[in-house]
Amino acid sequence: MANLPILQYEDKILETVEQNPVVVIIGETGSGKSTQLSQILHRRGYTKSGVVGITQPRRVAAVSVARRVAHELGVRLGEEVGYAIRFEDRTSERTQIKYLTDGVLLRESLSNPDLNQYSVIILDEAHERSLNTDILLGLMKRLVKMRASNLKVLITSATLDGDKVSKFFSDCPILTIPGKLYPVEILYSEERPSSYLESSLKTALDIHIREPEGDVLIFMTGQDDIEKLVSKLEDKVRSLEEGSCMDAVILPLHGSLPPEMQVRVFSPPLPDCRRFIVATNIAETSLTVDGVVYVIDSGYVKQRQYNPSTGMYSLDVVPISKVQANQRAGRAGRTRPGKCYRLYPSRVYHDEFLDVTVPEIQRSSLAGSVLYLKSLDLPDIDILKFDFLDPPSSESLQDALKQLYLVDAIDGNGSVTSVGQTMAELPLEPSLSRTLLEANKYGCIAQALTVAAMLSAETTLLSGPSKTVEKKRKLAPPDLPDGSGLGDHIQLLQIYEHWYQTDYDIGWCKDNDLKVRGMMFVRDVRKQLSQIMQKLAKGPLDVLANRERQHRDYRSLRKALCVGYGNQLGERMIHHNGYRTLGFKPQVVQVHPSSMLKPDEEGKFPDYLVYHELIATSRPYMRNVCAVDMKWVMPIMNKVKTLDINKLSGGIDHIQKNSEEHVPDISKKEVAVTGLPGDRESRIQAARERFLARKATK
DNA sequence: GAGCACTGC
């Protein structure tokens, strides 16, 4: 700790913080900013007038950094130094230094918009530009004006981002703290390879044959490519002449790998054995692998993005940003000088890569965030004039307003309703919080809580589609409930209720290919939601699972879902099983083939359904659907007719001007890369054309 | 008849 570069800057930091309400800190990797900034401010007495709060984008980071600081200060974790993450608050009245996830700080400012308990707020890793960090940046700008005398804000960022953040905060000072990285030699390819999988393979083998010992970290875009590269690399390494090279182990590393496989990369390296770690961007920030000396960077990343003009998500392979490229390269210089092989020319890095990753706020549906900001009810804040570092497009904001209007969260003038105010208290997307409130009226709150919790963890539930599991599954298909033919929401409900009846048996999860950690998470979420609902209802609610006497057709629950998903309805076409989405921008979509929805005797799906999300892969699909009745749909359709976007947004001219200035509109930008599996838009377009052609011939 | 980057309240 004594050698951390940041400590030489202690006086400079304190002097700057004293003279300025906001300071941007460029803290390079290994500078010690996350652990030391809080302690420096503590030593100067900033913890006497309030808590020093430090946000982290990830839970594990909040916990591990808090633990280290507590250790360095010689205090017990949870006393003077503590942390707060979802489901876990380890702070006390004595806490002076508090690490928390940015989501938790946002929740805190819902009940205390001035964040009075804090004397200092440090937004760490702001360059990662998570949705929550971006909203916090906007809130901080307002807060430092209001609490100019007693609040200091520090924002840590990356070199390429510092000027922009400083400008956002009235040209506040920027301090650069050098890191403790070893030099990393950057080697560029002469041109972009036609296949970055083959190119990675070749580069990895070259390193293995020519370079001295040291582990190799290879950045790929997804599980598929990782599995392919791992098996090819294994073949090639095995075919090398014995004794010509040292031994090698090849390890995949990605998010859907079971935890016990993930930790393999942390076990101590074997002597005279080179490790190849083939990873997604999980190894960019979330996981740090020791011993890496060589990095191979494909220059691509898989990103989920939302298109507000269609209401559809897609998962695209896109070029990384300069910040990401530098972050990847830095992974080679943690223990000694390293090398980074970039599988693209330097021209591409300089001319084509964006400086900073497109912020999440420009790639997500904003319904939840807009409701959150509106519900803060800050007199001087109008969401459409809200000062974002990178404002979302007006299209995206209008999309959010329309969605909120349809689920009764805002009225025709764009003001939050009492329903909307209550919805904002729940840590859920608007469709699910609205479902909970409606279910409470119909006496099926326990079921709705289960569905909401299951959907909060949906992607983490079923074990990954790895080929071995698929094979196993054919031999012994899991014995899971089928949703009674009514769709996926009902199936998720039945799965949880079944698990509840086994008394949360872990063995049952494993037997049925359910991820144990995912199901545990569902249990936690459900408990949290139950507590919040009890508080909101100002009285006891029977929230225990399996307690409600229900019709076999789950009518009450499906009716509640129909109201909650008032912005996500589909109407079946007359002659086939395609659907047209209802609402403002009708899309032609299909039920996802993985759905549990059952057609009737004539092979027809129900006339109406709600969907959890639209996802464009090879075609536009509705994922997670539930059958609903036409008579529940009609009131919502009538509401669509009453919508007036100009009234909703209270005049939108200013944001349109605003967004044209700074916003690279991700929905229209050419993000897809030729020849890569990311060219979604054109594939969707092609699918649409095929569909129309087929329709025309009928 | 298809497929899942990573977080987080």
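Lettering follows sequence order; numbering is per chain, from 1.
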For [X] and [N], what is the distance between atoms [atom1] and [atom2] respectively, to the nearest whole Å?
X        : N     : atom1 : atom2 : value
A:Lys228 : B:dC4 : NZ    : P     : 13 Å
A:Gln324 : B:dT7 : CD    : P     : 14 Å
A:Asp225 : B:dC4 : CG    : P     : 13 Å
A:Arg107 : B:dC9 : CZ    : P     : 10 Å
A:Leu426 : B:dC9 : CG    : C1'   : 11 Å
A:Leu105 : B:dC9 : CG    : C1'   : 12 Å
A:Phe87  : B:dC9 : CZ    : C1'   : 8 Å
A:Ile320 : B:dA5 : CD1   : C1'   : 13 Å

At under 4.0 Å, does any side-chain N or O of [X] touch on OP1 or OP2 of [N]?
X        : N     : result
A:Thr101 : B:dT7 : no
A:Ser618 : B:dG3 : yes
A:Arg59  : B:dC9 : yes

Closest to the [X] side chain, choosing from [options]:
X        : options             : answer
A:Thr617 : B:dG8, B:dC4, B:dA5 : B:dC4
A:Pro593 : B:dG3, B:dG1, B:dC9 : B:dG1
A:Asn281 : B:dA2, B:dT7, B:dA5 : B:dA5
A:Lys302 : B:dC9, B:dA5, B:dT7 : B:dA5
A:Arg58  : B:dT7, B:dA2, B:dC9 : B:dT7
A:Ile85  : B:dC9, B:dA2, B:dA5 : B:dC9
A:Leu315 : B:dC9, B:dC6, B:dC4 : B:dC4

Remember a base hit wins even if backbone is also touched, and classify [X] as base, sugar-phosphate or nothing at under 4.0 Å, heavy atoms.
X        : value
A:Leu106 : nothing
A:Arg304 : base
A:Val301 : nothing
A:Tyr621 : sugar-phosphate

Could you work out, with salt bridge (charged side-chain N to carboxylate O under 4.0 Å, His left out) as the rule, every residue matching [X], not counting sequence neighbours?
X        : value
A:Glu125 : A:Lys33
A:Glu88  : none
A:Asp524 : none

Charged N to carboxylate O under 4.0 angstrom, A:Glu425 versus A:Arg107?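 Salt bridge: no.
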Check this for me: does any side-chain nitrogen of one of A:Asp390 and A:Arg129 sit under 4.0 Å from a carboxylate oxygen of the other?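 Looking at A:Arg129 together with A:Asp390, the answer is yes, because their closest N to O distance falls below 4.0 Å.
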Residue whose closest nucleotide on DNA chain B lies nearer the 5' end, A:Ser286 versus A:Gln528: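 With A:Ser286 and A:Gln528 compared, the 5'-side residue is A:Ser286.
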Residues two or more places apart in sequence or in another chain: which of them pass side-chain hydrogen bond (donor to acceptor under 3.5 Å, both in side chains) with A:Ser109?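 A:Ser109: side-chain hydrogen bond (donor to acceptor under 3.5 Å, both in side chains) contacts with A:Tyr372.
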So, using side-chain hydrogen bond (donor to acceptor under 3.5 Å, both in side chains) as the criterion, who are the partners of A:Asn326 when residues are at least two apart?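 side-chain hydrogen bond (donor to acceptor under 3.5 Å, both in side chains) check on A:Asn326 returns A:Arg342, A:Tyr349.
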Cationic tip of A:Arg572 above A:Phe605 ring, under 6.0 Å, 45° of axis: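 Because its charged atom misses either the 6.0 Å distance or the 45° angle limit, A:Arg572 does not stack over A:Phe605.
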Of all of residues 123-135 of chain A, which get a heavy atom below 4.0 angstrom from DNA chain B, listed by number?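 None, since no heavy atom is under 4.0 Å.
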